[in-house]
Amino acid sequence: MFIEPFKGVSLSAPPLWLMRQAGRTLPEYHTIRRHFESFLDLVLNPEAAAEITLQPIKRFGFDAAIFFADILVIPFALGQHVEFVDEKGPVLGPLNFKAPHFDLSFNIEKIASLFETLSRVRKNLSPHKALIGFAGSPWTVAAYMIEGQTSKTFSRAKRFAFSNPYKFQELLDLVTESTFVYLTKQVEAGATALQLFESWGGCVPSTHMDVWVFQPTLSLVKRLKNHFPKVPIIGFPRGLGSYVLTYVQKTGVDGVSLDAGYSLETAKDLPCVLQGNLDPHILVAGGSCLERSVKKIKETLREKPFIFNLGHGLLPETPLRHIEELVCLVKDG
Ligand code: CP3
């Protein structure tokens, strides 16, 4: 079902999954979460992480599971201190900005348990369902590494990158190389599709879009396609607006996940599988707005190979009955 759009098939009831479907909203997630002091300990526990990955499939019957991990496991495996602080989000340790090179080296052993999570999930997931592996795109991950925390503007990261282009490029290259190895291992462990989260692409100025976003993503896609030509790769270039078409053309992704601000009429002309793009706040609101919005998205993209999703991650306050309603609305062909 999930794979059909990648064969060029458009379905009246499109495949459905939701970004950030594992964790956040589900009470059964919070029951497990309470047993672990740190989020990273939970991510690194294959038994718990596999269970959390499967929870939204059991409850809602989504067509794809996304494995329970985080984009910031790459800085962790590179030797940067990474912590997730309640109410604040991720906090990353300082890098040695003054030295000629960053003191980082990729140690895959630190995240080896994640591949066990994937193989456990694959064994317990119906073969009809996709298992999505993922990583942050290099710019987004490098931006977190320099910023040290989440931000709306990533001002510190941008200032560093503009002033130290060679050192920043070195970091982008290191993240790209590590992410390639990481995603390769995910596919070998059972991932049947991949998503690259460029969640903070919207912070990149047009002058740097090619070097920070397109080139590193292309490098990943090209090398992954060489190894795994049949594994679809979806890009999520959040906030790229008028650059989305160039992103698709320049990176070679098989599918693009659109944020809620992207026009559906314009989306019809994109030369790849489309995914998206219901505003997650509409799912929180529910009611007739939810009904009308889902109908509109389905009708507009009816002729396109299309996967139904949100425009960004599921919000923690989303009522579960609204998700159930969404499943009915999407699946009602
Ligand atoms: O999609 C899924 O449900 C699978 C797991 C997943 C998580 N993070 C678990 C998580 C995925 C795909 C991610 C991706 C991720 N992580 C992104 C890209 C997607 C996006 O939302 O733009 C980004 C930017 C991050 C970085 C990150 N991790 C932040 C900013 C935070 C704190 C706030 C938040 O989003 O919850 C995290 C922590 C995190 N990652 C939690 C979960 C379930 C919450 C931690 C907890 O329960 O203590």
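Every number for a ligand or one of its atoms is a count from 1 in the order of the listing. Please read these numbers as outputs of a predicted model, since none were measured by experiment.
Cluster partners of L218: none. The rule joins Ile, Leu, Val, Met, Phe, Trp and Tyr whenever side-chain heavy atoms lie under 4.5 Å apart, and it links nothing here.
At a 4.0 Å heavy-atom cut-off, the residues surrounding ligand 1 are R20, Q21, A22, R24, Y29, R33, F39, I66, F67, F68, A69, D70, I71, F84, G89, P90, F134, Y144, F197, S199, H312, listed by chain and number.
Contacts classified as salt bridge (Lys or Arg N to Asp or Glu O under 4.0 Å) and involving residues 48-68 (residues at least two apart or in different chains) are given here: E28-R59, E51-K58, D63-K331.
Look at K295 and E299 and you find no salt bridge, because none of the NZ, NE, NH1 or NH2 atoms lies under 4.0 Å from a carboxylate O. Taking a cutoff of 4.0 Å between a charged side-chain nitrogen and a carboxylate oxygen, R159 and E147 do not qualify as a salt bridge.
Every side chain to side chain contact (heavy atoms under 4.5 Å, CB included) that C272 has, sequence neighbours left out, goes to V248, V256.
Residue F308 forms a side chain to side chain contact (heavy atoms under 4.5 Å, CB included) with just one option from V327, V294, L11, and that option is V294.
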